[in-house]
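These notes are about the structure you will find just below.
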Amino acid sequence: QVQLVESGGGLVQAGGSLRLSCVASGSFSKINNMAWYRQAPGKQRDLVAIISSGGNTMYADSVKGRFTISADSAKNTVYLQMNSLKPEDTAVYYCVGNVDYRDYWGQGIQVTVSS
């Protein structure tokens, strides 16, 4: 059984920074892509950033230049560094990992940006 657990969320003022972490645990052979999604109240869940096993990254236009996704393969961990946060970044953030060619989701973590 594979589990993804997020940490690092919380409340921050606009313009501030947070770093989210997501650790994959359990029995598996390979982690392919890992990604962060977010869902604001009343809105659909959207892709924020994705990183491949080769280190290629892609970002939503709304976070380009402010957010950075990175991964530590030795620790089975993916990070999301969020800078210059805006109130519209407020959402539940979810980690998704494609592990052994199956998608696994974390439980989600709240990020709240106050104006």
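One-based numbering along the sequence shown. Keep in mind that what you see is a predicted model, and the values were worked out from it rather than measured.
Under the 3.5 Å distance criterion, the side-chain polar atoms of D100 are matched with a main-chain donor or acceptor of K30.
Residue V5 shares its hydrophobic cluster (ILVMFWY side chains chained together at separations under 4.5 Å) with no other residue.
Under the side chain to side chain donor-acceptor pair (under 3.5 Å) criterion, D103 pairs with N98, not counting sequence neighbours.
Taking 4.5 Å as the limit, every side-chain heavy atom of E6 sits out of range of all side-chain heavy atoms of Y93. Side-chain atoms of T68 and Y79, non-hydrogen and from C-beta on, never get closer than 4.5 Å to each other. Side-chain atoms of T90 and Q110, non-hydrogen and from C-beta on, do get closer than 4.5 Å to each other. Between R38 and S62 the shortest side-chain heavy-atom distance falls below 4.5 Å. The closest side-chain heavy-atom distance from M82 to V12 is not below 4.5 Å.
For the residue pair S53 and N33, the shortest heavy atom distance occurs at N-OD1, 4.1 Å. When all heavy atoms of S115 and A14 are compared, the pair lying nearest together is CA-CB, 4.4 Å. Of all heavy-atom pairs spanning G97 and M34, the tightest one is CA-CG, 4.2 Å.
Atom NZ in K75 sits 15.5 Å away from atom OG in S25 (nearest 0.5 Å). Expressed to the nearest 0.5 Å, how far OG of S70 lies from CD1 of I51 amounts to 6.5 Å.
The same ILVMFWY cluster, assembled from side-chain heavy atoms under 4.5 Å apart, contains both I109 and L18. Two different hydrophobic clusters hold L20 and V23 under the rule that ILVMFWY side chains link at heavy-atom gaps under 4.5 Å. Cluster membership check: V63 shares its hydrophobic cluster with V111, using side-chain heavy-atom separations under 4.5 Å among Ile, Leu, Val, Met, Phe, Trp and Tyr. Note on I50: it clusters hydrophobically with V96, by side-chain heavy-atom contacts below 4.5 Å among ILVMFWY residues. Residues V48 and I69 fall within the same hydrophobic cluster, defined by Ile, Leu, Val, Met, Phe, Trp and Tyr side chains chained together at heavy-atom separations under 4.5 Å.
Among pairs with a residue in residues 32-68, those fulfilling ring-ring contact (aromatic ring centres under 6.0 Å, His included) read Y37-W105, at least two apart in sequence or across chains.
S17 and N83 are linked by a side-chain donor-acceptor pair at a separation below 3.5 angstrom, with hydrogens and angles left out of the test.
Salt bridge D89/K86: absent, no basic N to carboxylate O contact under 4.0 Å.
Other residues, nucleotides and ligands contribute only 12 or fewer heavy atoms inside 6.0 Å of the CD atom of Q3.
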